[in-house]
2 protein chains.
Amino acid sequence: MKNVVFFGASGKSSIYIVDYLVQMIDSHNLKLMLCDRNTAVLDSSIQANAQIECVDLDISDVEKRQGLVKQADFVISMLPAFLHVEIAKDCLEFEKNLVTASYVSKEMKALKNQVLEKGLLFMNEIGVDPGLDHLSALNEIDQIKQKGAKLTRFETFTGGLLSPESDNNPLNYKFTWNPKYVVIAGSSGAVKFLQEGKHKYIPYHKLFRRTELIEIEDYGKFEAYANRDSLKYIDLYDLKDVQTMYRGTFRRPGFGKLWDVFVQLGVTDDNFIIEHSDQLTFREFINSFLKYHPTDSVEIKLKHYLKIDDDSEIMEKLRWLGIFEQTPITLKNATPAAILQYILEQKLKLEEQDKDMIVMWHKFVYELNGKIYDKETSLVCLGENQKYTAMAKTVGLPLAIYTRLYLEGKFDHIKGVHIPSFKEIYQPILEELKTYNIEFKEQESILENT
Amino acid sequence: MKNVVFFGASGKSSIYIVDYLVQMIDSHNLKLMLCDRNTAVLDSSIQANAQIECVDLDISDVEKRQGLVKQADFVISMLPAFLHVEIAKDCLEFEKNLVTASYVSKEMKALKNQVLEKGLLFMNEIGVDPGLDHLSALNEIDQIKQKGAKLTRFETFTGGLLSPESDNNPLNYKFTWNPKYVVIAGSSGAVKFLQEGKHKYIPYHKLFRRTELIEIEDYGKFEAYANRDSLKYIDLYDLKDVQTMYRGTFRRPGFGKLWDVFVQLGVTDDNFIIEHSDQLTFREFINSFLKYHPTDSVEIKLKHYLKIDDDSEIMEKLRWLGIFEQTPITLKNATPAAILQYILEQKLKLEEQDKDMIVMWHKFVYELNGKIYDKETSLVCLGENQKYTAMAKTVGLPLAIYTRLYLEGKFDHIKGVHIPSFKEIYQPILEELKTYNIEFKEQESILENT
């Protein structure tokens with residue numbers, strides 16, 4: 001019997017993983033330990049299953065956490081990204097293999113040699129973005145390379161958005177995953193990418209004004225902004241000839257211009273505490289980022305400061321969000337980012353009947369036999385309801401399928417700290433995802449003869 | 001005999017401290033150990049003095065460094081601010097007293113209880129800014145309190161600038177102290193202050209556009225931007241009734257608008273490495289922060305991106321600085337901030353005949369017997385030459401005088417991690433500074449009858 005210990009099992013993006021693992025219990029002789037702060041939210045059928053143990057766990061309880069890791073044959077972490085490294089250190093100590101859906105952090109990368117020495121495999125970036133983007137792009141790139149072609153340009157964009165039928169607010173946006181990460185998106189450091197052979201850098205305070213528009217058949221236009229460090233994937237994808245390497249995030253058009261207001265004000269900062277935050281209103285909070293004036297209104301000060309026209313759509317959107325209201329903030333000692341999240345959640349929460357949507361788009365330009373080809377592939381995945389979201393599905397299934405294949409011994413030859421850049425990983429996962437209707441549309445054209 | 005160990009003794013701001021201590025050698029029976037990376041630059045008369053030992057030291061050589069601390073009766077650190085904490089930990093271990101001219105860092109503050117337990121005194125912020133600003137403001141505030149008046153407003157600004165006779169470039173600025181700290185100034189976190197009873201916050205990317213103008217008699221206009229966290233000094237200065245508390249930095253008018261170009265581009269970032277920086281020119285470096293375009297020039301892209309008019313003075317200044325030139329950058333693996341410093345140093349270095357200037361200005365508004373008073377005090381200190389700068393004088397003398405008084409046993413009753421907020425510290429230092437022509441001008445007026 002194999003014991004799978006799953007940290008973060010009751011999180012928003014874990015439902016498809018839990019369901020997938022439950023189905024494997026008999027065929028793969030599994031025991032599941034589902035751990036989270038509050039596992040009571042898990043289905044009663046799960047609570048009743050004799051092969052499943054639900055464990056309420058405060059992740060900072062080292063002894064209890066390590067007790068769980070010790071018992072594991074395999075560890076899944078779907079915790080918030082910054083917590084993975086604690087689990088990873090436990091896995092190293094007790095020699096357990098690990099999978100996460102998050103970016104390889106500096107701290108995770110630093111464990112590489114120790115993981116190799118102990119003959120372990122810590123797989124990361126196997127959710128949707130990062131994750132499905134890697135799997136699908138690498139599969140395409142592999143085929144391009146197989147032809148003997150030279151890949152010169154690669155762009156990839158992903159967005160967690162609203163299904164068109166639920167897209168009913170002025171922002172064309174609601175929180176379809178952890179809102180904290182939406183609020184601080186992009187703030188972790190300068191964005192880096194390669195364009196036409198030139199390295200390009202964008203500071204956080206310009207990120208949401210450096211957008212481009214992409215149209216996807218049947219779904220209209222999307223606005224893309226650059227996502228973190230694209231440069232490191234040149235090596236990870238083994239792209240020697242690439243001149244453009246750009247990873248980005250999709251929103252609906254107009255989002256960047258609105259979000260830039262928050263960035264410019266400074267209210268997305270998660271690094272300091274607002275004094276007496278629980279004594280402020282939304283309006284007073286916004287005012288604390290504007291110049292003092294004895295009589296000028298918060299609205300006119302904001303418009304003047306950020307050069308927003310009176311008749312701009314932005315003001316309508318800001319008013320709709322309620323940022324100028326005298327509504328009390330009930331958070332104590334909160335950061336600006338936490339307060340902004342609190343304000344936005346009043347209007348941008350998914351409602352019961354709302355469905356979400358994942359959109360992914362890749363562009364590959366390659367040279368073969370004197371011709372330049374342009375291949376674009378795209379995926380749209382719609383959520384079923386508030387629980388079975390497209391986000392949960394596309395994050396969860398790649399990780400779940402990986403877990404099954406891993407437990408079947410398919411990756412025993414791979415050791416170290418990795419992302420899924422192995423053909424024997426991405427090919428079978430992509431195949432199986434098709435059975436869940438996760439499949440890319442393709443179109444290809446010849447751009448020019450060289 | 002008392003052994004004074006001085007780390008950073010050959011730094012730009014240390015000359016007045018060294019001279020002051022040398023004069024004390026006989027009267028106070030001192031031995032001086034002057035330590036720095038390269039002490040060969042110290043005067044030959046110092047090298048020849050039998051009571052002085054010059055020690056070349058790599059500060060990361062823990063054994064040698066601790067060997068020096070062990071021998072000390074008193075330790076001075078004029079090292080770059082981030083290095084103080086290592087010295088402070090050594091001082092704690094070997095039970096030595098310490099003085100620095102830098103802000104109390106989180107790490108320094110964290111040592112407080114241990115310092116108290118061992119009965120030691122770690123004095124900080126006793127240079128010019130922070131330092132002389134504290135001494136002079138607290139002395140004034142003390143007098144206001146003595147009168148039974150209520151202080152409602154305190155503003156203080158300091159600038160390290162050019163003496164009018166050396167003020168001969170379009171920026172009205174040259175590097176009169178460590179250029180690295182000029183380049184990254186303000187980038188360490190959100191700026192905080194209190195204005196008319198409201199907490200105000202400014203993010204780094206808006207800091208240089210939130211300026212105000214102050215005129216100082218005989219010296220013209222200065223532009224001020226907010227400096228770090230002013231809020232913490234409300235408690236440290238014990239200002240219960242204050243409604244406005246604002247600490248700021250002076251530059252000459254127009255500096256903020258120019259510097260904002262660098263901030264907006266992202267080239268003041270010291271947190272990531274520019275790929276192949278040694279293969280770029282100044283122009284290519286700037287271009288890497290602008291959008292790709294096959295034919296548009298760097299100049300037009302920058303003007304469009306930052307909404308700079310064709311006939312703006314900013315473009316003239318940027319051209320004069322040489323940022324559009326195809327001059328090679330010879331720095332390997334450098335951060336944007338390091339590269340910007342390199343570019344600016346070509347034009348903004350002090351020339352041999354250049355003299356610098358320190359300007360400090362305080363404003364106190366207080367209520368007494370139904371009247372509101374406005375008191376403004378100001379100091380201008382001019383440098384003598386490139387070595388005996390106003391910066392070195394105003395940073396060094398407060399610390400040097402403190403050291404003498406400390407060695408004379410005047411502060412034996414004070415223990416802990418502190419800034420010079422004690423009357424028995426600031427009064428005698430201010431008195432002695434007058435003998436060096438460091439003295440404030442005052443003017444006072446009645447604003448209104450309440």
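Reminder, nothing fancy here: chain letters follow the sequence lines and each chain counts from 1.
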S.K.: Select one option (side chain, backbone, both, neither) describing which atoms of A/Ile274 are under 4.5 Å from chain B's heavy atoms.
M.R.: both
S.K.: Assign the ring pair B/Phe285 / B/Phe289 to parallel, tilted or perpendicular, where the plane angle (0 to 90°) is split at 30° and 60°.
M.R.: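 It falls in the perpendicular class, over 60°.
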S.K.: Assess whether atom NZ of B/Lys257 is packed by more than 12 heavy atoms of other residues, nucleotides or ligands within 6.0 Å.
M.R.: no
S.K.: Please state whether the side chain, the backbone, both or neither of A/Leu207 comes within less than 4.5 Å of a heavy atom of chain B.
M.R.: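 For A/Leu207, there is no contact with chain B at all, as no heavy atom is under 4.5 Å.
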S.K.: Using heavy-atom distances under 4.5 Å, tell me whether A/Asp269 contacts chain B through its side chain, its backbone, both, or neither.
M.R.: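 Side chain of A/Asp269 only, per the 4.5 Å heavy-atom cut-off to chain B.
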S.K.: Checking A/Lys200 side chain against B/Asn287 main chain: does a donor-acceptor pair fall under 3.5 Å?
M.R.: yes
S.K.: With a 4.5 angstrom heavy-atom cut-off, could you sort out which part of A/Tyr292 is near chain B: side chain, backbone, both or neither?
M.R.: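 For A/Tyr292, backbone and side chain are both near chain B.
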S.K.: Side chain, backbone, both or neither: which part of A/Glu284 has an atom under 4.5 Å from a heavy atom of chain B?
M.R.: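 Neither part.
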S.K.: Can a donor-acceptor pair be found between the side chains of A/Thr268 and A/Tyr204 at a distance below 3.5 Å?
M.R.: yes
S.K.: Indicate, with yes or no, if the rings of A/Phe157 and A/Tyr246 have centres closer together than 6.0 Å.
M.R.: yes
S.K.: Let's test your reading of the structure: which of B/Arg210, B/His199, B/Gln195 forms the most heavy-atom pairs below 4.5 Å with chain A?
M.R.: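 Going by pairs under 4.5 Å, I would pick B/Arg210.
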S.K.: Using a 3.5 Å cut-off and no angle test, enumerate the donor-acceptor pairs between side-chain atoms of residues 179-192 of chain B and protein atoms at least two apart in sequence or in another chain.
M.R.:
{"unit_1": "B/Lys180", "atom_1": "NZ", "unit_2": "B/Asp270", "atom_2": "OD2", "d": "3.4"}
{"unit_1": "B/Ser187", "atom_1": "OG", "unit_2": "B/Ile184", "atom_2": "O", "d": "2.6"}

S.K.: Could you have a look at A/Lys198, A/Lys291, A/His276 and say which one has the most heavy-atom pairs with chain B under 4.5 angstrom?
M.R.: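 Between A/Lys198, A/Lys291, A/His276, the count favours A/Lys291.
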